[in-house]
Amino acid sequence: MNTLQAFCSQLKASARYARCRYLVVIQGSLSWSRSTAQLFIEDDTKTLQCGPPLLAEINTIAFRQAKQWLGRECESLIVNARDGFDAEAFGAMTGTLVGGGLCVLVLPEQGLQTRTSMFDRRLAGLLQSPDVYWLREGQVSYPLVVSHSEREPDTGNGRAQTSRCDQPFSEKLAMIDADADADAGALTVCQAQAINAIRRVVTGHRKRPLVLTADRGRGKSAALGLAAASLLAERSLRIGITAPSYAAAETVFRHGAMRLGLPFSQQRKLQHGSGSLAFLSPDALLAEQPKLDVLFVDEAAAIPAPILHTLLQRFNRLVFASTVHGYEGTGRGFAVKFRTLLDQVMPQWREFKMAQPIRWAEQDPLERWVFNALLLDADIDDVALAAVAIGEQQGDSADSPSCIEISYRAIDKQTLASDEKLLRQVFGLLVNAHYQTSPSDLTALLDDPQLHVLVGHANEQVVSCCLVQIEGGFDDELVMQIQNGSRRPKGHLLVQSLAAHLGIGQAASQLAGRILRIAVHPDLQQQGLGLAMLQFTERWAVGQVDYLGTSFGFAPELLRFWQKAGYVPVRLGFKNDAASGYPSLLCVQALEPVSQHWQLTASTIFAATFASNAMEAYSQLALEQFVPLYLMLLPSMVPVQSLPADIVDHHLALYSAGGLGYELALPALTIWLNQTLLTATQEQAETLAYAIAKVIQRQSWSDMVVMFNLAGRKQAEQVLRDLVYAHLNTSDIKESE
């Protein structure tokens, strides 16, 4: 056995003994990298490789498919980053690696330092951590394999942590005390306690929901499945589980089936006697309103707040589970916001935090490095802001944080990449405010030249931040393609929506600043800091873009906030957004005269569209949403027949060419049809019967399909487009004659 083989063997033995996972970086030529990676996977039966294929005989997952492997497991992992490092995929795939496994990161000969990517350069520095083993082609000696408790790695916050990974897992299992529910199948004391807490939701008093939080790899979903099996083994219960997708809840069913001795083939319902565990999507749960004895909500932070609120009102026994840190994590944002709702609706709620890992040992070196590198553990704790302390330093009252002096600035990529403390503070605020923040957002912060980071800080502590994406600047040809629906350039969501949905091509020709995120430290919210952050953003944007815009889940209080900052609503979506549970509202703020003109046009179009769709597309809008928006738009709601002719003609042309959707073109369709019918003969009117049924009578699409014997809604919509196109062309021919 040569020295390299000996090193690989010793490292694997150490990892398996301690149930820890190590990160190994190999850097060299392609052929050397292949032969070296092969040494690390010998004798492993479940090996995965992610990225471009390196070893032909190993199952390969493309970076874009990595998220689909959440919840699965492997014994060794190879990540091929020779052509580029994918943070999103790396964060997902490392969670599949079980304790005792090795993650082999393959880099090109030149490494990462030479790349222009700020993210890669930062990563190159973090790979020098004591938690990482390095192998370079041509090196004479190899790293000494030591237990990582002896390595005393820096956690990234300047604090070395003592590891507890050296204790064999068999001894850890023996730590489960007599109070643990051994019959439930728990693997740790922490998981046993979680199972018992879940059981008490069913066996205890009503209206005392449980909030179960855990970092990734702590056995949260497994605890739900084991608790369900334990309850079904004792009594006939109807247990429901909902999650953003069935894939997110599959682990619950797998562990439940295994515990009950049932075959498992990804079925969505487990039957045990007269009891059952069944999956229902959030939408189906609200629509069907099934009778359940208890409802489990897994990955609750990814379910819109309005749905969670409704579930609290409809069910008396609930368990809400959510990942706090890790790839699927939410930081503290979900916990902080959801507590407020629970305090109002069910103040007797309880919380249980699962800290002890199950898939790997505590203080796992790979988890520690990944959390630090991808900032998966970044939250507002890193900001370390105490409003009281700052107020005392400045002589202000602790009860008036609005008196704190805050300065604002834009941060360039170089500064953000080189200042780890600043980066963690910014990312921590974003994670706290938005549960969807992920490793790809970190990459964008450091590498996307069109993404700008603006912050407000007090005493060197970031207290607010705003992310602005530059969009637009398209030529006339591309604008026309966007309006006709033939092109959808990646990104540029704001300008594309204005051009494609409102027919305002100028908005895509100009430069826009789309506000992606705005966040304020929770200790200082409701003090005007959000508005001040937007005011600074406006000053910064003048001279750089023609207008600013944003899109958010429509709630009246959010609209009031953006209106106060000078933004005008111009479009409301017709369906609820999957993330927020509300329809998306698009607002803009003109900064230059070239955008002020079309902003007025956009407001007029929106008012007409809202009025035209009040009885149809917007009929299901909640009154608390509909009324304030209707009252706000009412002064601008000119009669549909008074809509400017140039707008009507433009919208009809776009609609007949396949651009605008029916709802957006409805005001123009109404004007065109009424004007046509005023001068039409009886025979001519009969040729427009289809348009009359839909546009004037507002028959539903399903009724149109039946009435006119069509194949489905798609054909029904196309028939109307074709009818408009035919009549427009006929009119043009007659005018030319």
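Just so you know, residue 1 is the first one in the sequence shown, and it goes up from there. All values below were derived from every heavy atom in this structure, side-chain atoms included, with hydrogens, water molecules and symmetry-related copies excluded.
Not one N or O on the side chain of Arg350 forms a donor-acceptor pair closer than 3.5 Å with the backbone of Leu210. Not a single donor-acceptor pair under 3.5 Å links the side chain of Asn484 to the backbone N or O of Ser486. The backbone N or O of Leu493 lies less than 3.5 Å from no partner atom in the side chain of Ser497, so there is not a single donor-acceptor pair. A distance-only check finds no donor-acceptor pair linking the side chain of Asn59 to the backbone of Leu48 [under 3.5 Å]. In this structure, Gln715 contributes its side chain and Ala711 its backbone to a donor-acceptor pair below 3.5 Å. When atom types are taken as modelled, the side chain of Gln625 and the backbone of Phe554 share a donor-acceptor pair closer than 3.5 angstrom.
Sorted by first then second residue, the salt bridge (Lys or Arg N to Asp or Glu O under 4.0 Å) pairs that include residues 218-233, not counting sequence neighbours, are Arg218-Glu367, Lys220-Asp298, Lys220-Glu299.
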* **Leu654 and Leu664: CA distance, side-chain angles, deciding distance, side-chain contact (heavy atoms from CB on, under 4.5 Å) verdict** => CA-CA 11 Å; Leu654 289 176; Leu664 296 167; over 6 Å; no
* When you look at Leu77 and Thr47, which way does the side-chain contact (heavy atoms from CB on, under 4.5 Å) test go after all the steps? -> CA-CA 6 Å; Leu77 174 66; Thr47 299; over 6 Å; no
* **Evaluation steps, side-chain contact (heavy atoms from CB on, under 4.5 Å), between Val588 and Thr550** => CA-CA 7 Å; Val588 297; Thr550 188; over 6 Å; no
* I would like to know whether Ser438 and Glu88 meet side-chain hydrogen bond (donor to acceptor under 3.5 Å, both in side chains); could you show each step before the answer? => CA-CA 7 Å; Ser438 70; Glu88 198 87 0; 3.2 Å; yes
* Please lay out, stage by stage, how Glu616 and Lys694 fare under the test salt bridge (charged side-chain N to carboxylate O under 4.0 Å, His left out). => CA-CA 11 Å; Glu616 198 168 3; Lys694 183 58 190 171; 2.9 Å; yes
* **side-chain contact (heavy atoms from CB on, under 4.5 Å) between Leu572 and Tyr618, intermediate numbers included** => CA-CA 9 Å; Leu572 181 67; Tyr618 293 135; 3.5 Å; yes
* Test ring-ring contact (aromatic ring centres under 6.0 Å, His included) applied to Phe320 and Trp349, step by step -> CA-CA 10 Å; Phe320 297 95; Trp349 68 279; 9.6 Å; no
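Contact annotation: the side chain of Trp562 never approaches that of Pro569 to less than 4.5 Å [non-hydrogen atoms, C-beta and beyond]. Side-chain atoms of Leu224 and Phe253, non-hydrogen and from C-beta on, never get closer than 4.5 Å to each other. Residues Leu376 and Pro439 meet the side-chain proximity criterion, which asks for heavy atoms closer than 4.5 Å. Two residues are said to be in side-chain contact when any heavy atoms from C-beta on lie closer than 4.5 Å; Arg517 and Gln469 fail this criterion. When side chains are defined from C-beta on, Gln356 does not count as touching Gln191, because their heavy atoms never get closer than 4.5 Å. Using a 4.5 Å heavy-atom threshold, the side chains of His255 and Phe264 count as separate. When side chains are defined from C-beta on, Pro583 does not count as touching Lys575, because their heavy atoms never get closer than 4.5 Å. Considering only heavy atoms from C-beta on, Cys466 comes within 4.5 Å of Ile515 through its side chain.
Closest heavy-atom contact between Phe90 and Thr94: O-OG1, 2.9 Å. In plain terms, the two heavy atoms of Ile358 and Gly219 that are nearest each other are CD1-CA, 4.0 Å. Closest approach of Ile605 and Leu502 over heavy atoms only: CD1-O, 3.6 Å. Closest heavy-atom contact between Leu311 and Leu318: O-CD2, 3.9 Å.
Between Tyr630 and Phe610, the angle of the ring planes lies from 30° to 60°, which puts this pair in the tilted group.
Tested against Glu471 for a side-chain hydrogen bond (donor to acceptor under 3.5 Å, both in side chains), the candidates Arg514, Gln496, His492 yield a single pass: Arg514.
Between Thr96 and Glu73, the side chains place no donor N or O within less than 3.5 Å of an acceptor N or O (distance only, hydrogens not considered). For the 3.5 Å distance criterion, the side chains of Ser230 and Arg259 fail to qualify, holding no donor opposite an acceptor. Judged by distance alone, the side chains of Thr609 and Glu663 never bring a donor and an acceptor atom under 3.5 Å apart. No side-chain donor-acceptor contact under 3.5 Å links Ser221 and Thr251.
Looking at residues two or more places apart in sequence or on another chain, you find no side-chain hydrogen bond (donor to acceptor under 3.5 Å, both in side chains) involving Arg268. In terms of the side-chain hydrogen bond (donor to acceptor under 3.5 Å, both in side chains) criterion, residue partners of Glu717 (sequence neighbours excluded) are, by chain and number, Arg713. Judged as a side-chain hydrogen bond (donor to acceptor under 3.5 Å, both in side chains), and not counting sequence neighbours, Gln526 has no contacts. Residues passing the side-chain hydrogen bond (donor to acceptor under 3.5 Å, both in side chains) test with Asn709, sequence neighbours excluded: none.
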Please list every donor-acceptor pair under 3.5 Å in which a side-chain atom of residues 275-295 meets a protein atom from a residue at least two apart or in another chain.
| from | atom 1 | to | atom 2 | distance (Å) |
| --- | --- | --- | --- | --- |
| Ser281 | OG | Ala284 | N | 3.2 |
| Asp293 | OD2 | Arg238 | N | 2.7 |

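More than 12 non-hydrogen atoms from other residues, nucleotides or ligands lie less than 6.0 angstrom from CD of Gln267.
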